[in-house]
Amino acid sequence: MAFKELVFSGVQPTGNLHLGNYLGAIVKFVELQNSHDCIYCVVDMHAITQAHDPKQLVANIREVTAAFIACGIDPKKHIVFNQSQVAEHAELAWVFNCVARIGWLNRMTQFKEKAGKDRENASIGLYDYPVLMAADILVYRATHVPVGEDQKQHLELARDIAQKFNNDFAESITAHGFGDGFFPLPEPLIQGPATRVMSLRDGTKKMSKSDASDYSRINLSDDADAIAQKVRKAKTDPEPLPSELPGLDKRPEAANLVGIYAALSGATKEKVLSDFGGGQFSQFKASLVDLAVAKLGPIGAEMKKLSADHAYIDAVLRDGSDRARAIAAPNMKAVKEIVGFLN
Ligand code: AMP
Ligand code: TRP
């Protein structure tokens, strides 16, 4: 069965939105608006899978929404909303809990990383998180999902769940007039020069919201001084920059900074190296500061202004939630009929 192309993605409101989120995800969200209908979700239900402060969560939901808009997402043409306002996400997640297998979830590497050593003490929500993520996407029957590299495994799980649902209920799906499959197998869109932005303190670790050191990441809310300090202090090695790509092998910090420069400027890494190769890191870093401040400064300023305007942000989310629900509700009703619920 052919499905109408629809883009869905989500970002957690867990604070410290950073350059990795921007280059790995939000830049692609903005681009896809020109070619597709898009739904962008602030996934607040994912944000309570680990300990959180309720006051901070509300502020973070508004901040991620403000960041979407400041980066160029148009909430009138497309849909921007927060997950918890559309109950169908949780409803479909329950059905998917009964489709997904424990063995599948046991393989999820992000759970292992996040749960750490004390796995017995992790919340069930943290373990079940990829099932909710599958429901987020499939409750809209979305076909394309722009994400960073770290979400690849979760997308594969979403495809497995969609496929098993289609197989398990094949007869009922056909009987209810939905052809030979109710859910599309959603495709991850993991492309571009910065699908995995690394920490500024350790080129082998990904840049993350939860890193204890603020110097490990450039936040979208950082001002010019903070950006300049963080880039200047970013870890490097004593060698000058190479002129060609193979020279970045085994130099994760240098490779990361070159990748960031390339992604922010829209040039290839080859071009960046041909411009800066052979020179000192200090020179390259000074240019990177100028570039990062020019690109991110205006976004940070707009984001702060917008997130302070609660009336505006809350109205955007309410309107987006209404429009999201209008798509999700008939899909959920169909799922109920397919699995044999009376409604
Ligand atoms: P999260 O902060 O986990 O909600 O992630 C939101 C989006 O940003 C997802 O699509 C992630 O894959 C992406 N993302 C998060 N960290 C990075 C990173 N260091 N590099 C590239 N993409 C990232
Ligand atoms: N798990 C994603 C992350 O941590 C966020 C997310 C939740 C998501 N639901 C989604 C991303 C649906 C894409 C589609 O980054």
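Here the structure is a predicted model, which means the values were calculated and not measured. Note that ligands are numbered from 1 as they come in the structure, with each ligand's atoms numbered from 1 the same way. Worth knowing before you read on, the calculation uses all heavy atoms, side chains too, and leaves out hydrogens, waters and symmetry mates.
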query = To the nearest 0.5 Å, what is the distance between CG (Leu264) and CG (Leu291)?
reply = 5.0 Å
message = Below 4.0 Å, non-hydrogen atoms only: which portion of Ile137 touches ligand 2? Side chain, backbone, both or neither.
response = side chain
query = Relative to the heavy atoms of Arg196, which atoms of ligand 1 are at a distance of less than 4.0 Å?
reply = 20 (N), 21 (C)
inquiry  = Below a 4.0 angstrom heavy-atom separation, can you tell me which part of Val147, side chain or backbone, both or neither, approaches ligand 2?
reply    = side chain
request  = Check for a donor-acceptor pair, side chain of Glu253 on one end and backbone N or O of Lys235 on the other, with a separation under 3.5 Å.
outcome  = no
query = Under 30°, 30 to 60°, or over 60°: which ring-plane class applies to Phe182 and Phe165, parallel, tilted or perpendicular?
reply = tilted
message = Is the contact between Val145 and ligand 2 made by the side chain, the backbone, both, or neither, using heavy atoms and a 4.0 Å cut-off?
response = side chain
ask   = In terms of hydrophobic clusters joined by side-chain contacts under 4.5 Å, are Leu17 and Tyr22 together?
value = yes
ask   = Any side-chain heavy-atom pair from Leu241 and Val272 closer than 4.5 angstrom?
value = no
message = Using a 3.5 Å cut-off on N or O atoms only, is Gln110 in polar contact with ligand 2?
response = no
key: Closest approach of any protein heavy atom to atom 22 (N) of ligand 1, naming residue and atom   = Gly20 O, 3.2 Å
inquiry  = Using a plain distance cutoff, I'd like to know if Val11 has any nitrogen or oxygen under 3.5 Å from a nitrogen or oxygen of ligand 1.
reply    = no
message = Does any N or O of ligand 1 fall below 3.5 Å from an N or O anywhere on Gly148, backbone included?
response = yes
task = May I ask you to check whether His154 has an N/O atom sitting below 3.5 Å from an N/O atom of ligand 2?
result = no
request  = Name the orientation class of the two ring planes belonging to Tyr129 and His154 (parallel below 30°, tilted from 30 to 60°, perpendicular beyond 60°).
outcome  = tilted
task = Among all protein heavy atoms, pick out the one at the shortest distance from atom 19 (N) of ligand 1; state its residue, atom name and that distance to 0.1 Å.
result = Val197 O, 2.8 Å
ask   = For ligand 1, does Leu23 get within less than 4.0 Å through its side chain, its backbone, both, or neither, judged by non-hydrogen atoms?
value = neither
task = Specify side chain, backbone, both or neither for His18, according to which of its non-hydrogen atoms lie closer than 4.0 Å to ligand 1.
result = side chain
ask   = Does the Gln110 side chain pair with the main chain of Gln153, one donor and one acceptor, at a distance under 3.5 Å?
value = no
ask   = Within the distance-only criterion (no hydrogens, no angle test), does the side chain of Asn82 pair as donor or acceptor with the backbone N or O of Val42 below 3.5 angstrom?
value = no
request  = Could you see which bit of Gln12 sits under 4.0 Å from ligand 1, with heavy atoms only: side chain, backbone, both or neither?
outcome  = both
Contact atoms of ligand 2, heavy-atom distance to Asp136 under 4.0 Å = 7 (C), 9 (N), 10 (C)
ask   = Around Lys4, counting heavy atoms of other residues, nucleotides and ligands shown, do more than 12 lie under 6.0 Å from its NZ?
value = yes
inquiry  = Do the side chains of Asp319 and Arg323 get close enough for a salt bridge, i.e. N-O under 4.0 angstrom?
reply    = yes
key: Region of Lys209 that comes within reach of ligand 1 [heavy atoms, distance under 4.0 Å]   = side chain
query = Charged N to carboxylate O under 4.0 angstrom, Asp322 versus Arg318?
reply = no
ask   = Roughly how far apart are Lys164 NZ and Asp168 CG, rounded to 0.5 Å?
value = 3.5 Å
query = N/O of Tyr129 under 3.5 Å from N/O of ligand 2, yes or no?
reply = yes
task = State the atoms of ligand 2, each with its element, that fall below the 4.0 Å cut-off from a heavy-atom position in His46.
result = 7 (C), 9 (N)
inquiry  = So if I count the atoms of ligand 2 from 1 in the order they appear, which ones are less than 4.0 Å from some heavy atom of Val43?
reply    = 7 (C), 9 (N)
inquiry  = Using a 4.0 Å cut-off to any heavy atom of Gln12, which atoms of ligand 2 qualify?
reply    = 4 (O)
ask   = Just by modelled atom types, is the Asp214 backbone N or O under 3.5 Å from a matching donor or acceptor in the Lys230 side chain?
value = yes
ask   = Does an N or O anywhere in Gly24 fall below 3.5 Å from an N or O of ligand 1?
value = no
request  = Any atoms of ligand 2 less than 4.0 Å from a non-hydrogen atom of Phe8? List them with their elements.
outcome  = 12 (C), 14 (C)
note = Quick note on ligand 1: atoms under 4.0 Å from a heavy atom of Asn21 include exactly 1 (P), 2 (O), 5 (O), 6 (C), 7 (C), 8 (O), 14 (N), 15 (C), 16 (N)
remark   = among protein heavy atoms, the one nearest atom 10 (C) of ligand 2 is Met133 CG, 3.4 Å
ask   = Taking only heavy atoms of Gln151, which atoms of ligand 1 are found under 4.0 Å from at least one of them?
value = 12 (O)
query = His36 versus His78: any side-chain heavy-atom pair under 4.5 Å?
reply = no
query = If you measure from the Lys or Arg side-chain nitrogens to the Asp or Glu carboxylate oxygens, is any gap between Asp202 and Lys205 under 4.0 Å?
reply = no
query = Do Phe178 and Phe169 make the cut of ring centroids closer than 6.0 angstrom?
reply = no
note = Among Val147, Val42, Asp150, closest by heavy atom to atom 11 (C) of ligand 1 is Asp150
key: Short N-O contact, Glu149 and Lys152, less than 4.0 angstrom   = no
Ligand-side contact atoms (ligand 2) for residue partner Gln151, heavy atom cut-off under 4.0 Å = 1 (N), 2 (C), 3 (C), 4 (O), 15 (O)
ask   = Taking the minimum heavy-atom distance to atom 8 (C) of ligand 2, which of Ala47, Cys41, Gly10 ranks first?
value = Gly10
inquiry  = As an exercise, identify every atom of ligand 1 less than 4.0 angstrom from a heavy atom of Ala25.
reply    = 7 (C), 8 (O), 10 (O)
Numbering as shown, the atoms of ligand 1 that approach Thr195 to under 4.0 Å (heavy-atom distance) = 20 (N), 21 (C), 22 (N)
